[in-house]
Amino acid sequence: MAVRSVKLNTGKEIPLIGLGTWQSKPGEVTEAVRYAIKEAGYRHIDGAYAYGNEAEVGEGIRQSGVPRKEIFITSKIWSTFHRRVEDCLDITLERLGTDYVDLLLVHWPVALKEGGNHPLFPTRPDGSRDIDEEWKLIDTWKQMEEVYHKGKAKAIGVSNFSQLKLEEILPHATVKPATNQIELHPYLPQHKLIAYLKSQGIVPQAYSPLGSTNSPLLKDEVVAEIAKKHGTEPGAVLIGWHVAKDVVALPKSVTAARIAKNIQPAPLDEEDVKKLDGLAEGGKHQRLISPPWGVVLGFDDWYKADVQQPPKP
Ligand SMILES: NC(=O)C1=CN([C@@H]2O[C@H](COP(=O)(O)OP(=O)(O)OC[C@H]3O[C@@H](n4cnc5c(N)ncnc54)[C@H](OP(=O)(O)O)[C@@H]3O)[C@@H](O)[C@H]2O)C=CC1
Ligand SMILES: O=C[C@H](O)[C@@H](O)[C@@H](O)[C@H](O)C(=O)O
């Protein structure tokens, strides 16, 4: 059965389920992508420059035999490239073996200095990430708009943007972000941010929809109970929760049986959705992906959890 799509603010459609590729090893991801497209029916692949496997992802797409134009490909501009968006995209396009992506995201709303002690995660002598403090986020977005106008990215969006960060670019944007890709699952439902995105016509995309590596969600008893009710597995419930809300879900797997299963979301009813909506309130709130950026990103829970320090006065 084909996966339903939703419309982006460009007028183009994005399939509600896409295959994630973060931490998929180069030696495994070609087969995972080929299998996902050819055997399991995926038409949407989520990747990024920073994942270091885009050449192998491109190879998997080619091996599937499905025409490029039928597949929705996302990539992301890494933080060390905020001053050189098009250069990052050109490397991605060459690695993927295509001349456009369907969606290009700003991976994180934080620019890092280039040319330091690490190509992806340059640090200062004290070990903190080497933030490019002179650079303004809106100038990154202006460069995103340029590659959109050139046709190299059919849609542009953001990732890991709180409302605070979106409000930094929206008043000056001439092309509105089409999506915001953020961590979303029943332990981190981000209801307020989702409502804001929907009010702005920005499609939410859920990363780590299953709870990422060694997920606590796959062992949750409420999720298990709903899975039992539908005669399926926890993963299908977690993905079904997003699909029920028109949120794009990006489950990652390099395991054939799981890849096939993840594109069969459980058909949740209102009661199931309500239970999952309230799950984090029962003391289960958990943010699973919180890299040490050392700057305020504007997510309430992240700040409170003290994972991220407020800036020094
Ligand atoms: N924009 C951003 O900053 C971020 C984007 N992402 C995107 O979102 C994608 C998904 O997020 P990710 O953090 O990878 O985590 P997921 O929530 O997709 O979980 C992936 C993990 O779950 C396992 N798994 C997959 N399917 C099942 C299943 N049906 N039952 C049990 N276990 C399963 C996988 O194992 P195995 O592969 O061995 O089968 C893997 O260990 C990423 O791959 C990436 O594309 C993720 C994080 C941040
Ligand atoms: O997309 C995946 C994630 O954003 C990942 O790229 C980051 O969390 C990175 O490991 C970091 O430490 O900043």
Side-chain angles (χ1 to χ4, degrees), residues 17-25 27-29 31-33 35-36 40 42 44-54 57 73-80 103-112 118-123 128-131 157-161 179-188 204-220 223-224 227 232-242 247-266 286-295 297 299 302 307-308:
I17 299 176
L19 181 75
T21 59
W22 180 38
Q23 295 175 318
S24 298
K25 294 189 187 73
E28 300 170 328
V29 76
E31 176 52 18
V33 169
Y35 178 86
Y42 286 64
H44 174 181
I45 308 291
D46 183 78
Y49 169 90
Y51 299 167
N53 58 10
E54 288 190 313
V57 168
I73 307 178
T74 299
S75 186
K76 314 183 189 92
I77 298 298
W78 184 245
S79 290
T80 46
L103 177 64
L104 183 68
L105 307 178
V106 179
H107 205 146
W108 287 88
V110 191
L112 290 172
H118 191 280
L120 296 178
F121 305 106
T123 51
S128 62
R129 290 190 177 186
D130 199 1
I131 310 270
V158 296
S159 177
N160 295 297
F161 274 49
T179 70
N180 185 14
Q181 187 179 123
I182 50 178
E183 182 179 334
L184 282 178
H185 43 69
Y187 287 179
L188 191 67
Q205 294 185 277
Y207 76 60
S208 307
L210 300 168
S212 209
T213 316
N214 299 322
S215 171
L217 278 148
L218 293 172
K219 296 180 215 116
D220 187 281
V223 176
T232 186
E233 292 166 13
V237 169
L238 295 169
I239 295 163
W241 182 63
H242 293 296
V247 170
V248 176
L250 304 165
K252 172 263 176 185
S253 179
V254 290
T255 313
R258 289 173 172 174
I259 293 171
K261 191 75 198 157
N262 291 344
I263 200 168
Q264 295 167 41
Q286 214 175 323
R287 185 178 281 275
L288 303 163
I289 311 291
S290 51
W293 288 106
V295 288
L297 296 178
F299 295 106
W302 196 336
V307 177
Q308 189 180 330

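Atoms within each ligand, like the ligands themselves, are counted from 1 in listed order. All values reported here derive from a predicted model rather than from experimental measurement.
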Student: Determine, using heavy atoms of N262 and all atoms of ligand 1, whether some pair is separated by less than 4.0 Å.
Tutor: yes
Student: Can you confirm, on distance only, whether ligand 1 has an N/O atom lying under 3.5 Å from any N/O atom belonging to E233?
Tutor: no
Student: H107 near ligand 2, heavy-atom distance under 4.0 Å?
Tutor: yes
Student: Do any nitrogen or oxygen atoms of R129 come within less than 3.5 Å of a nitrogen or oxygen of ligand 2?
Tutor: yes
Student: Counting only heavy atoms, which portion of T21 has something under 4.0 Å from ligand 1: side chain, backbone, both, or neither?
Tutor: backbone
Student: Under 4.0 Å, heavy-atom basis, I'd like to know which part of W293 is in contact with ligand 2: side chain, backbone, both or neither.
Tutor: side chain
Student: Are H242 and I17 side-chain neighbours, meaning at least one heavy-atom pair lies under 4.5 Å?
Tutor: no
Student: Given that the side chain starts at C-beta and the backbone is N, CA, C, O, which of these parts of S24 lies under 4.0 Å from ligand 1, counting heavy atoms, or is it both or neither?
Tutor: neither
Student: Judged on heavy-atom distance to atom 40 (C) of ligand 1, which of K252, H185, K76 sits nearest?
Tutor: K252
Student: How does S253 reach ligand 1, by side chain, by backbone, by both or by neither, if only non-hydrogen atoms under 4.0 Å count?
Tutor: both
Student: Measure the distances from the heavy atoms of Q23 to every atom of ligand 1 and state whether one is below 4.0 angstrom.
Tutor: no
Student: Before signing off on this row, confirm whether I289 and ligand 1 have an N or O atom pair separated by under 3.5 Å.
Tutor: no
Student: Are K261 and ligand 1 in contact, using a heavy-atom cut-off of under 4.0 Å?
Tutor: no
Student: Does P251 come within less than 4.0 angstrom of ligand 1, counting non-hydrogen atoms of the residue?
Tutor: yes
Student: Could you list which atoms of ligand 1 come closer than 4.0 Å to a heavy atom of T255?
Tutor: 36 (P), 38 (O), 39 (O)
Student: Within a distance under 4.0 Å of any heavy atom of V254, pick out the atoms of ligand 1 and give their elements.
Tutor: 36 (P), 37 (O), 39 (O)
Student: Tell me which protein heavy atom sits closest to atom 9 (C) of ligand 1, plus the residue, atom name and distance to 0.1 Å.
Tutor: L250 O, 3.1 Å
Student: Relative to the heavy atoms of P291, which atoms of ligand 2 are at a distance of less than 4.0 Å?
Tutor: 8 (O), 11 (C), 12 (O), 13 (O)
Student: Could you list which atoms of ligand 1 come closer than 4.0 Å to a heavy atom of P209?
Tutor: 10 (C), 17 (O), 18 (O)
Student: Could you tell me whether L210 and ligand 1 have an N or O pair separated by under 3.5 Å?
Tutor: yes
Student: I'd like to check the salt bridge (charged side-chain N to carboxylate O under 4.0 Å, His left out) partners of R287; sequence neighbours left out, ordered by chain and number.
Tutor: D301
Student: Pull out every atom of ligand 1 sitting under 4.0 Å from any heavy atom of S212, numbered as shown with elements.
Tutor: 12 (P), 13 (O), 15 (O), 16 (P), 17 (O), 19 (O), 21 (C)
Student: Which residues pass the salt bridge (charged side-chain N to carboxylate O under 4.0 Å, His left out) test with E183, sequence neighbours left out?
Tutor: none
Student: Answer yes or no: does an N/O atom from N214 fall short of 3.5 Å to an N/O atom of ligand 1?
Tutor: no
Student: Which of the numbered atoms in ligand 1 are under 4.0 angstrom from any heavy atom belonging to Q181?
Tutor: 1 (N), 2 (C), 4 (C), 5 (C), 6 (N), 7 (C)
Student: Give the atom numbers and elements of ligand 1 that come within less than 4.0 Å of a heavy atom of L218.
Tutor: 31 (C), 32 (N)
Student: Could you list which atoms of ligand 2 come closer than 4.0 Å to a heavy atom of Y51?
Tutor: 1 (O), 2 (C)
Student: Under a 4.0 Å N-O cut-off, is there an ion pair linking D46 with K76?
Tutor: yes
